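Worksheet for the structure shown next.
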There are 2 protein chains.
Amino acid sequence: MRTSEGVEWALHACLNLAWVEDGHPVPAAALAGHFQLPPAYLNKQLQALVRSGIVSSTSGPRGGFQLARKPQDITVLDVVVAIEGSEEAFRCAEILRDAPDGEMGIDYRNTCVISQVMRKAELAWWKELAGRTLAEVKATVESRFPAVPGQTRHGLLNRRA
Amino acid sequence: MRTSEGVEWALHACLNLAWVEDGHPVPAAALAGHFQLPPAYLNKQLQALVRSGIVSSTSGPRGGFQLARKPQDITVLDVVVAIEGSEEAFRCAEILRDAPDGEMGIDYRNTCVISQVMRKAELAWWKELAGRTLAEVKATVESRFPAVPGQTRHGLLNRRA
DNA sequence: GCTGACTTACTCGGATATCAGTTGTCCGAGTACCACAGG
DNA sequence: CCTGTGGTACTCGGACAACTGATATCCGAGTAAGTCAGC
């Protein structure tokens, strides 16, 4: 089990977009250049964020991506789900149905104790991620590394040229 | 992100082995037949459990697999790690190092706030799984479905014939 | 009838194909800006 | 000098390949039981 590489990219991209003043879209190429990432593939990940309503996109010159919501209204889970999808990691195949005495009408995803344990664990994971907003992450970084926001904003805008 | 199918199989297999009296190994083919699973592939998953010291194997006639430890000494996490490996799901690629002002000597897996958030979430997941032993799962099933243990043991031993 | 070795069948274990999903790339659709011509 | 129009360059968006890892299968190594011959 491993999360997609795009999760890390998307989180860093959102954080960077949070440091750019409103009304200034940042092209995918600028973000990609900032982290030395393949532009087209990062663009693909950003599209997923657009579909989830986390960022908005603008085409054409001076276009790009910007946050669609306030950082305090974006949780880390939102970003993860946008990239990975909302399906749970452990998907009960209901193998108990094929076992002796297995019945057709039973939903073993809810009945099977093993499935319940796995789901509860995943719920704890979700809860942890849903409890952290982008604004909190942003504030933590600003507190520990005060220079980063300015450097990032400057870097992204200069890279446009 | 999704867990391997083998995780579900391994958990059910361990639970079933817990219902068979000691000293009676169960062949992979018997477990596979019980759940209508491909025998060779289930065997492969069981090998991973052997390497992790969760079950022990015996070759030859009357051979098979049996639990190597007491159910109360086997956590759900043990089984998951045996199949999936101990690497964390979110693997920080340290993309901050390639960003401007990124430095070579820094371990961004520990410094990056995003990495910390993801790791903390995963820790919650681990903790949940580590807190459930096979004995607890077994007891829960026995409490809700008293007939299952006997049926399972009988089914596995009969299938041997 | 008992004991020993041999044969046989059974089971695990790892090496080998196959398939799906992630990773990565490319080109087309749309849009805003800019230049230029006309008034 | 102002305005409208056409061209141009830039950006996103989705369609298309490549590759890694999971899924599935097969055959060989090892072992214990069963069998048979000899004592």
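Residue numbering restarts at 1 for every chain, and letters A, B, ... go by the order of the sequence lines. Just so it is clear, the model here is predicted, and its values are computed rather than measured.
For the ring pair (Phe, Tyr, Trp, His ring centres under 6.0 Å) condition, no pair includes a residue of residues 43-87 of chain B, sequence neighbours left out. Sorted by first then second residue, the salt bridge (Lys or Arg N to Asp or Glu O under 4.0 Å) pairs that include residues 27-49 of chain B, not counting sequence neighbours, number zero.
Listed by chain and number, the residues in a side-chain contact (heavy atoms from CB on, under 4.5 Å) with B:Ala135 are B:Pro71, B:Gln72, B:Thr133 (sequence neighbours excluded). Qualifying ring pair (Phe, Tyr, Trp, His ring centres under 6.0 Å) partners for B:Tyr108, counting only residues two or more places apart in sequence or in other chains: none. Listed by chain and number, the residues in a salt bridge (Lys or Arg N to Asp or Glu O under 4.0 Å) with B:Glu88 are B:Arg119 (sequence neighbours excluded). Annotation: side chain to side chain donor-acceptor pair (under 3.5 Å) contacts of B:Arg69 (sequence neighbours excluded): B:Asp78. Residues satisfying the ring pair (Phe, Tyr, Trp, His ring centres under 6.0 Å) criterion with B:Tyr41, sequence neighbours excluded, are B:Trp9.
For the pair B:Ile83 CD1 and D:dG21 P, the computed distance is 18 Å after rounding to whole Å. Separating the NE2 atom of B:His24 from the P atom of D:dA32 is a distance of 16 Å, rounded to the nearest angstrom. Here C:dT11 presents its C1' atom at 14 Å from CD of B:Gln66, a figure rounded to the nearest Å. Put simply, CZ on B:Arg91 is 10 Å from C1' on D:dG21, counting in whole angstrom units. Distance CZ (A:Arg51) to P (D:dC12): 14 Å, rounded to an integer number of Å.
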Going 5' to 3' through nucleotides 22-27 of chain D and flagging B where a protein heavy-atom sits under 4.0 Å of the base, S where only the sugar-phosphate is that close, and - otherwise, we get -BBBB-
Quick tally for nucleotides 27-33 of chain C: nucleotides whose base has a protein heavy atom under 4.0 Å get B, sugar-phosphate-only ones S, the rest -, giving ---BBB-
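A salt bridge links A:Glu128 with B:Lys120; the closest basic N to acidic carboxylate O contact falls under 4.0 Å.
Taking side-chain N and O atoms only, A:Gln47 has no distance below 4.0 Å to OP1 or OP2 of D:dC12. The phosphate of C:dG13 (OP1 or OP2) has a side-chain N or O of B:Ser57 nearer than 4.0 angstrom.
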